[in-house]
Structure formats: structure tokens, C-alpha cells
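Let me begin by presenting the structure, written as C-alpha cells, before commenting on it.
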Amino acid sequence: MIRIGVLVSGSGSNLQSIMDACDRGDIDGEVAVVISNVAGAYALKRAENNSIPTKIFLHQEYPDRQSFDSRIAQTLEEYKVDLVALAGFMRVLTPEFLDRFPHRVINIHPALLPAFPGLGVRQKAIDHGVRFSGCTVHFVDSGVDTGPIIIQAVVPVYPDDTEEELKDRIIALEHQIYPRAIQLFAQGALEIAGRKVFVRNLVKDASLCLVNPPLDS
Ligand code: GRF
């Protein structure tokens, strides 16, 4: 059983999917603490509904990023977390923070990295005219959305999509791949080698293929 610390800033639908997966036994672990930098984040309510301890640290109240991150790291250590999962946490973590949790911080991003890192990426994908986008769970390094990739899921993008439509399509998959990535971590099935993450006993399907628009249209 691993202990998971989840960092949030917003609605917490990914947090919900992680808590639900723990409850179902799809993750061999439990959410030990939820930390937010936004006092009214709905994610905090979700945690409370699941009887999970919550902490709020307002970044505005800290003189610099190091002291803010250090306070969060201290709390995560107090709760003895094995894994730190960022779930809509809208702050970039310092290298000093990451050094305290080597290869133990993961994030979910609503695009197919390395395409479209950063913010506002669903609209950027639509505006670029890509045929596919999706979501990515990756280990966090000191860059923005640059760390080694654990799992990705792909959805079609249509030129007349609204951001909301694409968001709905992507987030449904986020809620599946984030718990899956965490369970792979919990099983000790992930091995990082440089930029690559090897998954133990990976089932390969070299025929996997998506085409949009379809070949027969
Ligand atoms: C998700 O789209 C996730 O990919 C991104 O932030 C959003 C968080 O949504 N990192 P929620 O708070 O989990 O509902």
C-alpha cells in the first residue's frame, strides 16, 4: 500500500478518480493528504467528503517559491507519502522540492506531450488544427511538462470542436490513465532510464493505429 499526497488548485475531478480507484482496490494505496494553494478549491470538499486530511498553503503568504515549496514538502514528509501526485496544481515546483522526492512526483497534462506544454492547451490544439490530442501522465522534472512519460491516451480533435467539447473528451480519459499510472507506480512496475519509462510486463500491440479522418471515408 502506497501513501499518496495529492496537490490541487481546482475542481479535483482527477483527485476524485484517484480516491475512487483506491476505494475500489484498483490502486494499492490510499490518499494520505490533499494540499491546495487555493482556499476555496472544490477539490478540498471532495477530500473532506472522503474523510481525507486537507491542508491549505497560500503561495501569496510566502516570501518566495522556495519557502512555499518547503512548507508543502515538510507536510508531505509528515504524512509519510510515497508518491506526490499533481492534479490540477497550478504552481511550478522548485528543483529543491523535487530533490526531496526523487522520481516520486507525477503530473497529468491535457495534451499529448511534448506537443502543447503549458496552459490553455486544449484551445491551442484546436487552433493548430491537429487531428489528435489526448492526455499524458509523466514524472515531474524541473521543466514545465517535460519529464519522462508514463502513459498517454489519444482522442480525436475536430476543427469545429469547442474547448469544452475537447475538454470533456480528454478528461474522461484522464480519469482512467491517472489511476492506472499510479497503480503501475504502486506495483513498482516503472523504471526510469533517461527520458524513457519502462513498464514491467508491458503488453505490446504493434498493430495499434488511429487515423482521423478515417481511411474508408
Ligand atoms: C486537468 O485537465 C489536468 O489535466 C490539468 O488540470 C486539470 C485538473 O482538473 N493538469 P481537475 O481539477 O482534476 O478536475
Side-chain angles (χ1 to χ4, degrees), residues 1-22 26-37 41 43 46-47 52 55 69 72-73 75-77 79-119 121 134-154 170-171 173-200 202:
M1 288 278 280
I2 59 163
R3 294 172 62 77
I4 308 159
V6 184
L7 273 50
V8 296
S9 304
S11 91
S13 70
N14 278 288
L15 165 67
Q16 190 71 56
S17 75
I18 294 166
M19 294 187 299
D20 291 348
C22 290
D26 289 347
I27 294 174
D28 296 326
E30 61 180 338
V31 178
V33 62
V34 172
I35 300 175
S36 175
N37 67 319
R46 292 181 191 269
I52 290 168
K55 299 282 177 189
D69 281 11
I72 293 178
T75 303
L76 291 165
E77 285 165 0
Y79 278 88
K80 301 190 185 325
V81 308
D82 304 293
L83 177 70
V84 181
L86 312 185
F89 185 63
M90 300 305 284
R91 306 290 300 173
V92 176
L93 295 165
T94 53
E96 290 81 4
F97 177 97
L98 297 173
D99 285 347
R100 284 166 80 164
F101 304 95
H103 293 165
R104 286 192 290 142
V105 184
I106 63 176
N107 180 44
I108 186 148
H109 181 75
L112 286 180
L113 293 171
F116 305 113
L119 296 175
V121 298
C135 43
T136 304
V137 180
H138 62 93
F139 285 103
V140 175
D141 66 11
S142 57
V144 175
D145 303 322
T146 52
I149 291 167
I150 300 168
I151 185 169
Q152 294 186 303
V154 179
I170 290 174
I171 206 141
L173 285 171
E174 291 185 32
H175 297 160
Q176 297 180 58
I177 69 168
Y178 213 179
R180 179 74 186 124
I182 292 172
Q183 174 62 354
L184 289 169
F185 180 94
Q187 292 171 321
L190 302 177
E191 186 191 323
I192 305 178
R195 279 219 51 83
K196 294 184 184 175
V197 178
F198 288 87
V199 180
R200 196 179 57 216
L202 178 69

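Please read these numbers as outputs of a predicted model, since none were measured by experiment. Reckoned from all heavy atoms, side chains included, excluding hydrogens, waters and symmetry mates.
Within a 6.0 Å radius of CG in Leu202, more than 12 heavy atoms belonging to other residues, nucleotides or ligands are found.
Proximity of Phe97 to Leu76: side-chain heavy atoms (C-beta onward) are separated by under 4.5 Å at one or more points. A heavy-atom distance below 4.5 Å is not found between the side chains of Arg104 and Val84. Proximity of Val199 to Leu190: side-chain heavy atoms (C-beta onward) are separated by under 4.5 Å at one or more points. Side-chain contact between Asp26 and Gln183 is absent, with no heavy-atom pair separated by less than 4.5 Å. Side-chain contact between Arg46 and Ser13 is present, with heavy atoms from C-beta onward closer than 4.5 Å. Counting heavy atoms from C-beta outward, Asn107 and Phe89 have side chains that stay 4.5 Å or more apart.
Separation of atoms CD1 (Ile108) and CD1 (Ile150) is listed at 10.0 Å; rounding is to 0.5 Å. Note that CD1 of Ile192 is 4.0 Å distant from NE2 of His103, once rounded to the nearest 0.5 Å. Here the straight-line distance linking atom CE of Met90 with atom CG of Leu7 works out to 13.0 Å at 0.5 Å rounding. Distance check, rounded to the nearest 0.5 Å: NE2 of His138 to CD1 of Ile149 gives 8.0 Å. Remark: Ser9 OG to Ile35 CD1 distance equals 11.5 Å, nearest 0.5 Å. Taking CZ of Arg180 as the start and CD1 of Ile27 as the end, the distance is 10.5 Å to the nearest 0.5 Å.
Scored by the salt bridge (charged side-chain N to carboxylate O under 4.0 Å, His left out) test, Arg195 finds no partners at all (sequence neighbours excluded).
Between the Asp69 side chain and the Thr94 main chain, a donor and an acceptor come within less than 3.5 Å of each other. Panel note: side chain Arg200, backbone Leu184; no donor-acceptor pair is recorded below 3.5 Å. Under a 3.5 Å cut-off, the side chain of Thr136 and the backbone N or O of Gln152 do not form any donor-acceptor pair.
Heavy-atom minimum distance, Leu173 versus Ala153: CD1-CB, 3.8 Å. Nearest approach of Ala47 to Val34, heavy atoms of both residues: CB-CG2, 3.8 Å. Shortest non-hydrogen contact noted between Gly10 and Ala41 is O-CB, 3.5 Å. Smallest separation of non-hydrogen atoms from Val6 and Ala87: CG1-CB, 3.8 Å. Nearest heavy-atom pair, Glu174 versus Asn14, reported as atom, atom and distance to 0.1 Å: OE1-ND2, 2.9 Å. Counting all heavy atoms, side chain and backbone alike, Ile106 lies closest to Phe139 at CG2-CD2, 3.6 Å.
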Please table the atom pairs, donor to acceptor, closer than 3.5 Å between any side-chain atom in residues 109-116 and protein atoms at least two apart or in another chain.
residue	atom	partner	partner atom	Å
His109	ND1	Asp145	OD2	3.4
His109	NE2	Phe116	O	2.7

>> Apply side-chain contact (heavy atoms from CB on, under 4.5 Å) to residues Ile182 and Ile2 and explain how you reach the verdict.
In response: CA-CA 9 Å; Ile182 292 172; Ile2 59 163; 4.1 Å; yes
